[in-house]
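We name chains A, B, ... by the order of the sequence lines, and we start the count at 1 in each one. This is a predicted model, so every value here is computed, not measured.
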Protein chains: 2
Amino acid sequence: MVNKTELDGFLNFLQKIQSLSPEAIDSIVGLCSLISIRKNQNLQEIGQKCRTIYFVKEGLARIYYLKDGNEVTEYFAFENDLIIRAESLFTGKPSKKAIQALENTVFIGIPSEALFELFDTKPEIERLFRKIIEQAYVATVLRMEAIQFHAAEERYALLFSEKPNLIQQIPLKHIASYLGITQVSLSRIRASIR
Amino acid sequence: MVNKTELDGFLNFLQKIQSLSPEAIDSIVGLCSLISIRKNQNLQEIGQKCRTIYFVKEGLARIYYLKDGNEVTEYFAFENDLIIRAESLFTGKPSKKAIQALENTVFIGIPSEALFELFDTKPEIERLFRKIIEQAYVATVLRMEAIQFHAAEERYALLFSEKPNLIQQIPLKHIASYLGITQVSLSRIRASIR
DNA sequence: CTTATCCTTTTACAAATGTTAAATAATCAA
DNA sequence: TTGATTATTTAACATTTGTAAAAGGATAAG
């Protein structure tokens with residue numbers, strides 16, 4: 001059983017999206033567990049079915065997959081971000097993606113099946129989750145626009161303005177694949193900006 | 001009031017996602033209206049707030065927006081597809097995108113505010129909608145992968161294998177912008193395949 | 001049928017990005 | 001600290017994609 005104060009940041013995150021009754025909070029708290037992963041270790045491996053919803057309590061993580069033997073970073077999760085492999089969680093298929101800690105990281109994990117069962121008795125939790133998905137969906141649509149219609153240099157500038165710390169914290173090769181370009185190309189862009 | 005038999009295709013579409021009670025169906029039916037739009041006319045203009053969820057009953061439509069004065073196609077909706085401008089519907093901001101009929105098209109429209117009010121009394125409708133968003137989210141994540149990590153030629157081949165009719169029905173310039181390339185580039189790809 | 005318009009392809013050239021390999025720079029572990 | 005490993009940049013060249021303009025086709029209206 002996790003100490004409730006350990007979950008403060010997570011519960012605040014949820015309450016900002018949808019206010020919850022004490023009973024709803026308790027039933028969510030009852031499902032939470034803490035998982036610590038050391039830097040560069042995987043929380044979840046490629047090929048596993050995704051049955052857990054994660055939240056980054058402390059640290060930094062990414063979702064990546066392999067394309068022609070190369071790692072491709074799909075998503076960075078910072079402190080107080082959710083990290084969900086939607087293509088597996090919502091389809092039941094094994095995920096082609098892994099979750100890796102980029103620093104020593106503490107995750108909060110919620111088993112999805114148990115969470116989804118709460119939907120039947122507590123509509124406010126289903127509503128919370130619906131809103132979470134809506135937000136994630138909108139973010140993905142906007143990211144798709146950025147990838148499709150901004151040149152690589154614009155995308156780098158945009159990422160840099162949104163997350164200036166990223167460049168210090170994360171190997172550039174991960175950022176390159178996140179931007180959909182090679183590391184060589186990213187180096188050129190960085191050189192041309194200076 | 002729309003004749004219920006007019007909505008058969010739509011109601012089937014919904015029931016496949018989440019089975020609904022007769023009362024839930026009736027309350028959805030009560031919100032539906034039919035809108036006919038002639039080929040090349042817009043159902044919704046750029047700059048309008050999106051307050052309606054649409055379904056293509058007959059015909060063909062797209063979502064597009066302007067990038068540096070050029071039209072960029074974000075999404076094609078075929079018969080029995082939903083067409084939703086999520087970035088506006090879920091944020092309340094004016095949409096940067098328009099919905100255009102590519103053939104003479106009949107849409108079913110549902111005002112989103114009235115639909116969302118049904119969520120309070122009919123959790124099964126909220127559940128239906130949650131699942132719809134989940135599916136749309138997964139589709140968008142997969143499309144993002146395709147755009148980011150497949151070369152243009154692969155993306156064309158993939159689209160062609162999924163939607164062989166598209167190439168006959170839709171001007172190639174729309175397909176080019178949907179694939180994130182210029183029309184000249186698409187012509188080259190088509191020539192190299194032959 | 002003829003003209004006008006729009007769609008698609010082609011050409012020539014420019015710019016961006018990828019590939020491979022080598023050279024530096026930074027980091028980690030013994 | 002030293003050596004080994006990893007990360008980043010640079011260089012040279014190939015490939016892809018973009019841009020602008022022209023040409024050829026298809027389509028629709030008069």
Roughly, in whole Å, what's the span from [atom1] in [X] to [atom2] in [N]?
X	N	atom1	atom2	answer
Asn40(A)	dT6(D)	CG	P	11 Å
Lys173(B)	dT19(D)	NZ	C1'	18 Å
Ile181(B)	dT9(C)	CD1	P	11 Å
Leu179(B)	dT16(D)	CG	C1'	15 Å
Asn70(A)	dG18(C)	CG	P	12 Å
Ile175(A)	dT8(D)	CD1	C1'	12 Å
Ile189(A)	dA15(C)	CD1	P	17 Å
Asp68(A)	dT19(C)	CG	C1'	13 Å

Self-check item: Residue whose closest nucleotide on DNA chain D lies nearer the 5' end, Lys39(B) versus Ile167(A)
Solution: Ile167(A)
Exercise. May I ask you to test the Phe129(B)-Ile53(B) pair for a side-chain heavy-atom distance under 4.5 Å?
Key: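 Side-chain contact under 4.5 Å: yes.
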What contact category does [X] fall into here, base, sugar-phosphate, or nothing, at under 4.0 angstrom with non-hydrogen atoms?
X	answer
Arg190(B)	sugar-phosphate
Gln183(B)	base
Leu186(B)	nothing
Ser187(A)	base

Practice problem: Tell me whether the guanidinium CZ or amine NZ of Arg130(B) lies under 6.0 angstrom from the six-membered ring centre of Phe119(B) and within 45° of its axis. | Solution: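 Not satisfied by the 6.0 Å and 45° rule.
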Quiz prompt | Aromatic Tyr178(A) / basic Arg143(A) pairing, under 6.0 angstrom, 45° off normal | solution =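 Yes, cation above the ring, under 6.0 Å and within 45°.
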Practice problem: Using a strict 4.0 Å threshold on nitrogen-to-oxygen distance, state whether Glu87(A) and Lys96(A) make a salt bridge. | Solution: no
If you check every side-chain atom of [X], which of [options] has the closest atom?
X	options	answer
Val184(B)	dA20(D), dT8(C), dA12(D)	dA20(D)
Arg188(B)	dT17(C), dA7(D), dT19(D)	dT19(D)
Thr182(B)	dT8(D), dT9(C), dT19(D)	dT19(D)

Quiz item: Parallel, tilted or perpendicular: which describes the rings of Phe76(A) and Phe78(A), with under 30° parallel and over 60° perpendicular?
Solution: tilted
